[in-house]
Amino acid sequence: MAITLHDSLSRETRELQPSHPDGVYRFYNCGPTVYAPAHIGNFRTFVVNDVLRRLLELEFGKDKVHHVRNLTDVDDKTIRRAREEGRPLAAVTKQWTAKFHADCQALNCLPPHDEPTATGHIREQVDMIEVLMQKGNAYRAPDGSVYFKVSSFPGYGHLSRVHERELQHGSALAGKVHAADADEKEDVSDFALWKAHKADDGDNAWDSPWGRGRPGWHIECSAMSKKLLGATIDLHTGGVDLLFPHHENEIAQSECCNGVPFAKHWYHSEHLLVDGKKMSKSLGNLYTLDELVAKGFSPMAVRYTLLMGHPRKQLNFTLDSVHAAESALKTLRGFHASLPAGGATSHTFEPVVAALKDDLNSPAALGALFTIINRPGGEPDRESFDQAMFALGLDLTAAAPAAQTVPAAITALAEQRWAAKQAKDFAAADALRKDLTAAGWSMLDRKDGFSLEPVKKP
RNA sequence: GGCGCGGUAGCCAAGUGGUAAGGCCGAGGUCUGCAAAACCUCUAUGCGCCGGUUCAAUUCCGGCCCGCGCCUCCA
């Protein structure tokens with residue numbers, strides 16, 4: 001069964017097929033800027049792309065997928081962070097790259113085959129800018145910056161329909177259009193390919209034919225995808241916010257430079273909202289994985305939560321939904337543990353993967369999963385269940401939420417109650433249970449002993 | 001102002017021109033001294049509002065209301 005996926009450029013849902021003779025599907029996913037911990041909104045996109053990666057492996061073969069995800073390790077934010085902390089840029093980006101990798105691993109995301117960095121590909125970016133200069137698609141501003149001349153590319157705006165857009169009238173936004181460097185550009189739509197060195201950049205600058213400076217943001221993806229995947233790639237993905245201007249600019253640069261179509265298919269995942277609003281520091285509704293783990297949630301429950309909504313639809317993330325995910329995962333773990341070893345064909349989980357292959361419909365896939373689990377009679381098929389879990393990237397053997405340390409006083413109370421229970425002094429036992437509950441702990445009895453866990457909050 | 005997405009049970013969320021998946025929560029039951037777990041059962045005559053098309057609309061069309069996102073470097 002083919003994978004179908006919505007294409008942001010044509011606005012059609014189309015089948016995915018490798019276009020190169022070697023049968024390798026070339027897939028580029030815009031990665032994070034490494035200057036701070038990624039938040040769960042970022043991870044929605046990466047988890048969705050991870051599911052896609054897994055489906056591609058199932059469909060075309062494990063060695064027939066080439067997945068590239070870049071790391072932006074030089075830009076205004078990374079440089080500012082390094083300056084604020086008085087550390088070298090590389091120290092900052094290395095630290096946050098490591099954190100990003102740890103979070104991805106916790107969320108069970110497969111590592112991309114290549115993870116190129118902007119600073120590791122200055123040469124390739126400069127080369128590309130030189131071609132654009134030669135072809136007349138770019139110009140050097142008086143300060144030494146190089147800009148892409150948007151008017152030189154007739155195809156500009158097709159992806160985001162930017163020609164149908166207008167700047168917001170009479171608002172603060174219209175006035176703040178790049179006040180910083182607007183004077184250097186010939187047109188406000190033009191965007192930087194190369195940024196001339198400024199004092200704030202410190203020693204984060206490289207030599208170029210136009211003087212010392214650093215690459216603009218968009219050029220890195222064009223240069224690195226070309227180097228690793230070729231001039232025309234099969235699929236380019238990212239969050240909706242990258243649609244304009246980032247991806248629009250990438251298309252302009254790459255197609256003007258290479259003279260061939262940049263990407264055959266574009267896919268954009270929608271934003272994660274928190275409590276009905278986009279995450280932002282000012283609203284205080286921004287979560288990191290660590291913060292959720294600190295609240296007692298498992299990373300796998302966070303992954304599950306991110307899959308509860310259709311990737312092309314805004315998903316409202318709440319702590320209640322992570323609770324729901326944690327409970328659902330618990331059921332899945334129990335089901336998995338009770339699955340018979342042998343394969344059976346009466347209850348196959350193939351519909352789960354089928355739902356995912358239909359434009360990454362993860363909520364439908366989760367629905368199908370439980371529908372099959374709850375189907376009476378017959379025998380569930382372990383092989384297809386494992387495959388469904390692989391596609392969803394749900395590792396049911398991953399650690400459940402870490403048990404909290406039990407205070408000695410609580411343990412003492414529990415031991416008293418256990419003794420009372422053994423002595424069949426149920427009145428005392430019940431009283432002690434109440435005390436424990438009041439103190440915030442649930443006592444779980446077993447045949448041969450007890451365990452304690454924090455009282456579940458509603 | 002422009003562009004785009006969405007409004008489905010207490011919460012989250014699929015879906016279809018033919019009469020509403022699933023998860024969570026909640027309720028009842030079985031089983032347990034109690035509690036928990038597990039298992040069973042139940043939970044939208046209804047899909048933002050108003051019209052229209054149709055034998056039939058939540059699903060198509062039109063209007064309206066509300067929410068969210070993007071509009072130059074935020075996944």
Side-chain angles (χ1 to χ4, degrees), chain A residues 8 11 29-33 38-49 72 75-77 150 160-171 173-174 176-178 181-182 185 188-192 195 216-218 237-246 248-249 268-273 276-280 304-305 308-310 312-318 320-332 334 338 355 361-374 376 417 421 424 426-427 429-430 433-434 436-437 442-446 450-451 453 456 458:
Chain A
S8 313
R11 305 209 166 188
N29 171 19
C30 278
T33 302
H39 55 67
I40 53 167
N42 298 314
F43 282 118
R44 179 185 199 196
T45 295
F46 299 129
V47 164
V48 165
N49 276 273
T72 298
D75 78 324
D76 291 349
K77 295 191 294 294
V150 165
S160 61
R161 299 183 168 183
V162 77
H163 290 311
E164 296 169 19
R165 297 177 184 231
E166 289 177 28
L167 270 181
Q168 189 171 13
H169 298 300
S171 77
L173 208 73
K176 75 172 188 185
V177 174
H178 265 205
D181 56 6
K185 296 197 282 191
V188 288
S189 300
D190 294 346
F191 57 90
K195 304 180 90 156
W217 174 38
H218 316 293
T237 68
V240 276
D241 48 343
L242 298 184
L243 221 140
F244 184 84
H246 186 52
E248 198 71 73
N249 293 352
H268 294 91
S269 43
E270 254 295 350
H271 278 305
L272 185 72
L273 306 180
K277 302 279 186 185
K278 183 179 172 180
M279 279 182 288
S280 74
Y304 189 106
T305 306
M308 290 197 325
H310 189 108
R312 287 197 297 109
K313 206 172 149 182
Q314 291 170 344
L315 173 66
N316 189 25
F317 184 96
T318 65
D320 280 347
S321 45
V322 201
H323 271 115
E326 197 77 76
S327 297
L329 265 180
K330 195 175 177 184
T331 300
L332 288 179
S338 68
N361 195 338
S362 52
L366 293 172
L369 175 63
F370 281 92
T371 300
I372 299 162
I373 285 176
N374 295 329
R417 198 196 76 90
K421 181 189 170 182
K424 304 221 182 272
F426 296 127
D430 289 352
R433 175 182 287 289
K434 277 188 182 174
L436 281 164
T437 306
S442 298
M443 185 165 169
L444 308 179
D445 293 358
R446 292 192 311 269
F450 62 86
S451 62
E453 67 179 35
K456 283 176 192 157

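First the proteins, then the strands, lettered A, B, ... as listed; each starts at 1.
Phosphate proximity of B:rC24 to A:Thr331: present, with a side-chain N or O under 4.0 Å from OP1 or OP2. Taking only side-chain nitrogens and oxygens, A:Arg446 never comes nearer than 4.0 Å to OP1 or OP2 of B:rA36.
With the 3.5 Å cutoff on both pairing distances, Watson-Crick and G-U pairs in RNA chain B assemble into runs of at least 3 at B:1-7 with B:65-71, B:10-12 with B:22-24, B:26-30 with B:38-42, B:48-52 with B:60-64.
When the C1' atom is compared between B:rC11 and B:rG2, the two are found 35 Å apart, to the nearest whole Å. Spacing of P atoms, B:rU59 relative to B:rG15, comes out at 15 Å, to the nearest Å. Spacing between B:rC12 and B:rU19 at atom C1', rounded to whole Å, works out to 25 Å. Of the C1' atoms belonging to B:rA13 and B:rC55, the separation is 32 Å, rounded to the nearest Å. The same atom, P, is picked in B:rG17 and in B:rC42; the two are 28 Å apart, to the nearest Å.
No contact: A:Asp75 has no heavy atom under 4.0 Å from any strand. A:Gly238 comes within contact range of the sugar-phosphate backbone alone, with a heavy-atom separation under 4.0 Å but no base atom that close. Base contact: A:Glu270 has a heavy atom under 4.0 Å from a base atom.
Once the 5.5 Å centre distance and the 30° plane angle are applied, the aromatic ring of A:Phe370 is found not to be stacked with the base of B:rG22.
Side-chain contact of A:Thr33 with A:Asp75: a donor-acceptor pair under 3.5 Å is absent, judged by distance alone. No donor-acceptor contact under 3.5 angstrom links the side chains of A:Ser321 and A:Thr305, judged on distance only.
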Collect all protein-nucleotide pairs involving nucleotides 13-15 of chain B in which both atoms are nitrogen or oxygen and the distance is under 3.5 Å.
from	atom 1	to	atom 2	distance (Å)
B:rA14	OP1	A:His310	N	2.7
B:rA14	OP2	A:Lys313	NZ	3.0
B:rA14	O3'	A:Asn361	ND2	3.0
B:rG15	OP1	A:Asn361	ND2	2.8

